[in-house]
Trainee: 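Structure incoming, see below.
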Amino acid sequence: MIESYFKLTWRNIKANKALSFLNILGLTSGLFCFLLIYLWISSENSINKYHDNNDDLYAVYLTTSEGANYGYGTPSLLYKELKEKVPEIQGATAMSNNNRNYTFSNGQKILKQKGKFVSNDYFNMFSFKIIEGNVSNPLGTPNTIAISKNMAELFFEDAKSAIGKTLNYENTKILEVTLVFEVANINTTENSDFYLSFDSLFAESPWMSDWKNLGTNTFVQLTKGTDAKQVEQKLKPFLQEYQLGELAIQLQPYADTYLYADLENGSGKIEYVRLFGIIAFLIMLIASINFMNLASAGSVKRAKEIGVRKVLGAEKSSLIGQFLGEAILLSFSSLFFALLFIALVLPVFNQITDKNIGLESLPATTWIMLILITFLTGLLSGSYPAFLLSSFKVTDIFKKKIETSSRTKWIRKALVVFQFTISVIFISSMLIISKQLDYVQTKDIGFERENLLAITLSKDLQKNFDAFKTDALQISGVNSVTKTSHVLLGEYGTSPEVIWNGKSDDDGSLFTGMAGSTDFIKTYGARLLMGRDLIHNNPDNIEYLINESAMKQMNMEDPIGQSLSFWGNSGTIVGVVKDFHFSSMKESIFPLIIRSEGYAEFNTAFIKYTTDNVEQTLASLESLHSRLNPAFPFEYKFMDSEYDKLYKSESMFYTLSTFFSILAILISCLGLFGLVIFTAEQRTKEIGMRKVVGASVFEITSLITKDFIKLILVGIVIGVPIAWYFMNTWLTDYEYRIDMPWWIFIATGVLIISISLLTISYESIKAALANPVKSLRNE
């Protein structure tokens with residue numbers, strides 16, 4: 001049976017080369033897009049789901065009593081209290097909320113490595129492949145460190161020889177290596193090179209003992225079989241006894257923290273997974289429809305074959321089996337070509353999506369899914385042609401009545417309309433995403449991110465910052481220098497621990513805090529609305545800058561000179577700065593307080609430079625850094641690049657949606673091209689007679705073209721409101737967004753009609769120019 005299907009399929013391919021080529025090309029394109037997106041979605045869905053305790057791991061986040069999300073920031077002492085007081089919590093760990101670079105040295109080798117501070121239960125709760133060392137409690141004693149296998153190989157001969165050896169940390173202390181681990185799975189967000197004791201960080205940071213400082217992440221492991229919802233209800237009033245009664249504890253499955261990180265209505269990266277899932281499904285549907293359209297349009301050519309087989313006694317079921325078998329074989333042929341193309345483009349695809357997908361490393365389940373998807377595609381694509389072709393009556397076949405079937409024509413027209421409806425949605429969506437990305441790239445964000453350099457300050461350089469600043473200002477091209485506690489577009493903690501004159505007792509307003517120094521406004525290029533820039537860096541005379549949102553939150557009309565206390569540090573408001581964006585435009589600008597001193601760590605210097613000779617300015621800064629800070633490598637970031645990283649997901653989505661939109665319109669046009677070929681063939685006699693009676697080439701071309709253009713116009717009319725709805729929903733994720741550009745829908749319509757006319761014109765004109773005598777003689 002299978003062998004006969006192969007033979008019949010091969011004969012059919014040879015007999016209808018153009019049709020077969022268009023079918024295989026369309027299915028290959030569809031499978032190529034679908035499988036590429038499937039691999040990406042599979043990779044996204046598998047992130048952080050490899051831990052042995054996955055079902056019992058939860059991230060802690062806070063909400064207000066009204067249910068508004070505060071995010072993952074929690075008090076630093078929370079993990080200890082939860083483990084001691086809640087019996088259902090088997091393990092609890094704290095983690096510093098940033099993955100920073102720190103300097104390590106071993107003899108002459110000095111390197112920056114990225115890592116975090118974690119508490120004792122961390123390695124018991126999360127799964128790591130332990131290479132060597134103390135598994136039960138690797139960070140239990142002071143001055144110990146757990147390092148990755150890669151880091152061990154960088155500083156020592158191998159992982160085994162690293163155990164018991166020491167590393168110089170930030171030129172301040174010697175740490176003993178107690179554990180070497182390997183990240184168990186590439187699909188993880190835990191990509192730290194090392195982990196340090198959270199107790200050490202706590203001992204060095206007195207602000208962490210303040211329960212109202214929400215600068216730490218907390219994770220818990222529930223006892224197996226525990227109902228997380230019941231524990232969550234129990235935890236809601238937990239913070240009342242710590243003077244945080246306005247906040248409630250919530251639990252989120254750890255495996256969901258990657259895709260649902262935004263917490264708002266279950267949003268986050270999952271939105272892109274859903275969108276790409278829809279795109280993959282629609283593209284596959286377009287390709288399948290393409291197949292159905294071409295097969296049904298070519299039914300006339302195969303009618304004689306069907307008629308002969310029916311006369312010889314073939315049953316309808318065997319004909320259906322034959323045509324379904326042919327479609328499935330073509331589908332698997334297309335899978336072969338699609339995988340070849342995927343293997344070719346994967347390096348570029350991985351670069352765009354920041355993935356490491358390889359066909360050779362796919363698990364057996366993925367291959368089974370690919371085969372199943374291909375089989376279903378063949379089944380779907382071949383179902384309509386199979387039932388249509390097998391239903392022809394022998395008498396109709398030999399009387400050539402089958403092409404007049406109105407039902408067949410209407411179904412074919414509906415499928416064409418559907419294809420172009422999808423194309424309209426894709427193209428208009430792509431253009432709107434492009435406009436929104438352009439908006440966030442060019443909008444005035446309230447500070448000058450261009451020509452702004454961020455340099456990491458080690459503890460040594462923090463002490464010698466005044467000397468660094470004085471010498472840096474002597475370098476040609478350097479305009480101003482300041483230091484802060486944050487990389488401006490980084491992660492911030494929030495706190496309600498702010499007191500001002502007139503604050504009511506029940507006011508639980510949250511504020512973002514950061515530390516800055518003299519020339520803060522001058523270096524950032526922010527706009528001062530009232531007062532002055534920071535001048536003094538004296539812990540006994542703290543100065544505060546606040547932004548407009550903070551001024552409104554505190555309901556102050558003239559805040560200059562008024563007293564303010566932040567985390568118990570009293571000082572004076574010296575200036576009000578115009579609101580500027582220090583996070584993504586998906587978020588509103590939060591009330592911000594910038595303090596001149598306190599117990600913050602000033603770990604970043606900002607340099608405002610001119611563009612005259614950037615390379616020379618950088619070389620001079622590196623030389624200065626090496627002179628004042630020889631034990632640490634020079635590390636810097638350009639702020640305009642950091643800003644672009646905020647929209648990395650959107651840029652990836654735009655790049656891929658552009659690519660898939662182009663393929664979708666090409667697949668649709670392939671189908672259109674095929675339909676025009678068969679329409680011209682079916683109307684050969686009519687075209688010949690019209691030419692004989694004097695019809696012009698334009699009139700004959702219009703005769704073929706106008707029916708298709710009507711279908712495309714219907715697709716545009718249906719597609720525009722659907723595209724408007726989806727894009728309007730997408731834009732609501734942005735606090736700052738464009739108005740829906742109506743002209744994009746007109747441009748999309750014009751573009752699709754133009755491409756379609758180009759597709760149709762070739763075969764239409766060819767049919768119009770054909771010799772009518774030859775056409776009529778053949779008929």
Side-chain angles (χ1 to χ4, degrees), residues 58-83 85-86 92-100 116-119 198 201-202 204-220 232 235-252 254 257 261-264 485-487 490-500 503 506-515 546-547 549-550 553-554 564-569 582-584 587-595 598-601 603:
Y58 292 86
V60 174
Y61 69 99
L62 303 182
T63 63
T64 64
S65 51
E66 289 81 27
N69 291 317
Y70 263 28
Y72 295 106
T74 58
S76 301
L77 288 167
L78 180 64
Y79 79 102
K80 283 187 176 177
E81 297 294 285
L82 287 174
K83 189 173 180 182
K85 296 183 177 178
V86 183
T93 186
M95 178 188 285
S96 55
N97 67 359
N98 53 2
N99 210 19
R100 281 185 51 197
K116 293 178 179 178
F117 292 83
V118 296
S119 61
F198 190 77
L201 177 66
F202 195 88
E204 296 169 1
S205 311
W207 54 268
M208 294 177 73
S209 60
D210 186 342
W211 273 83
K212 293 191 175 181
N213 186 292
L214 310 178
T216 300
N217 297 144
T218 302
F219 302 92
V220 297
E232 201 172 53
L235 290 176
K236 278 188 177 174
F238 187 84
L239 294 172
Q240 285 181 1
E241 65 176 286
Y242 305 98
Q243 287 76 52
L244 289 169
E246 72 278 9
L247 298 179
I249 292 176
Q250 300 277 343
L251 300 178
Q252 181 187 31
Y254 176 74
T257 54
D262 287 354
L263 294 172
E264 295 287 343
S485 59
H486 289 73
V487 188
E491 296 179 355
Y492 293 82
T494 57
S495 174
E497 189 69 350
V498 179
I499 300 171
W500 65 91
K503 180 183 181 182
D506 61 347
D507 190 332
S509 302
L510 280 176
F511 294 84
T512 294
M514 66 181 293
I546 61 174
N547 69 353
S549 295
Q553 194 73 44
M554 291 186 273
L564 181 75
S565 173
F566 192 18
W567 289 334
N569 296 281
F582 52 91
S583 58
S584 166
E587 303 166 10
S588 58
I589 297 176
F590 215 75
L592 175 68
I593 296 175
I594 305 156
R595 63 188 181 282
Y599 41 69
E601 182 182 2
N603 50 39

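Heavy atoms only: backbone and side chains are in, while hydrogens, waters and symmetry mates are out. Computed from a predicted structure; not experimentally measured.
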Trainee: How many angstroms lie between atom CD of Q240 and atom CZ of F238, to the nearest 0.5 angstrom?
Mentor: 11.5 Å
Trainee: For the pair L214 and L247, evaluate side-chain contact (heavy atoms from CB on, under 4.5 Å) and give the outcome as yes or no after the intermediate values.
Mentor: CA-CA 11 Å; L214 310 178; L247 298 179; 4.2 Å; yes
Trainee: Decide yes or no for I594 and I546: does some side-chain heavy atom of the first lie under 4.5 Å from some side-chain heavy atom of the second?
Mentor: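 Side chain of I594 against side chain of I546, heavy atoms only: no contact under 4.5 Å found.
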Trainee: Side-chain contact test, heavy atoms from C-beta onward, threshold under 4.5 Å: evaluate it for L82 versus L235 and give yes or no.
Mentor: yes
Trainee: Quick check: do V60 and Q250 have side-chain heavy atoms less than 4.5 Å from each other?
Mentor: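 With C-beta onward as the side chain, the pair stays apart.
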Trainee: Any non-hydrogen side-chain atom of Y72 less than 4.5 Å from a side-chain atom of T218?
Mentor: no
Trainee: Between W500 and M554 (side chain of the first, backbone of the second, donor and acceptor by atom type, cut-off under 3.5 Å), is there such a pair?
Mentor: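 Indeed, once roles are kept as given, a pair shorter than 3.5 Å links the two residues.
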Trainee: What distance do I593 atom CD1 and S549 atom OG have between them, rounded to the nearest 0.5 Å?
Mentor: 11.5 Å
Trainee: For residues T63 and I249, determine if any side-chain heavy atom of one lies less than 4.5 Å from a side-chain heavy atom of the other.
Mentor: no
Trainee: Identify, with sequence neighbours excluded, every residue that meets side-chain contact (heavy atoms from CB on, under 4.5 Å) alongside K80.
Mentor: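 Here the qualifying residues are D199.
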Trainee: So, the side chain of N547 versus the backbone of F590: is there a donor-acceptor pair under 3.5 Å, distance only?
Mentor: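 Yes, the answer is positive, given that a donor and an acceptor are paired below the 3.5 Å cut-off.
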Trainee: Please identify each residue that fulfils side-chain contact (heavy atoms from CB on, under 4.5 Å) with Q553, with sequence neighbours left out.
Mentor: S509, F511, P591
Trainee: Closest approach of L77 and S209, non-hydrogen atoms and distance?
Mentor: CD1-O, 3.9 Å
Trainee: Does the side chain of F582 reach to within under 4.5 Å of the side chain of T512, using non-hydrogen atoms?
Mentor: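 Touching, per the 4.5 Å side-chain cut-off.
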Trainee: Which atom names give the shortest non-hydrogen contact between Y61 and G71, and what distance separates them?
Mentor: CB-O, 3.2 Å
Trainee: Less than 4.5 Å apart, any side-chain heavy atom of Y242 and any of P75?
Mentor: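 The answer is no, as the side chains (C-beta and beyond) never meet within the 4.5 Å cut-off.
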Trainee: Atom CG in L78, atom CG in N217: separation rounded to 0.5 Å?
Mentor: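 Nearest 0.5 Å value for the CG-CG distance: 11.0 Å.
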Trainee: Who are the ring pair (Phe, Tyr, Trp, His ring centres under 6.0 Å) partners of Y254, not counting sequence neighbours?
Mentor: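 For Y254, the residues satisfying ring pair (Phe, Tyr, Trp, His ring centres under 6.0 Å) (neighbours in sequence not counted) are H51, F126, F219.
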Trainee: Side chains of K85 and E241: closer than 4.5 Å at any heavy-atom pair?
Mentor: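 Yes; the side chains approach each other to less than 4.5 Å.
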Trainee: Checking E232 now: which residues fulfil side-chain hydrogen bond (donor to acceptor under 3.5 Å, both in side chains) with it, not counting sequence neighbours?
Mentor: none
Trainee: Please find the pair of heavy atoms, one from E497 and one from D210, that lie closest to each other, and give the distance.
Mentor: CG-OD2, 4.1 Å
Trainee: Go through the steps for V498 and L510 under the test side-chain contact (heavy atoms from CB on, under 4.5 Å), then give the verdict.
Mentor: CA-CA 8 Å; V498 179; L510 280 176; over 6 Å; no
Trainee: What residues, two or more places apart in sequence or in another chain, satisfy side-chain hydrogen bond (donor to acceptor under 3.5 Å, both in side chains) together with T93?
Mentor: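 S119.
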Trainee: Which heavy atom in L592 sits nearest to a heavy atom in M514, and how many Å separate them?
Mentor: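 The pair with the smallest heavy-atom distance is CD1-CG, 4.1 Å.
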Trainee: Going by side-chain contact (heavy atoms from CB on, under 4.5 Å), name the residues that satisfy it together with L201, two or more places apart in sequence or in a different chain.
Mentor: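 Expected list: S96, F117, F198, S205, M208.
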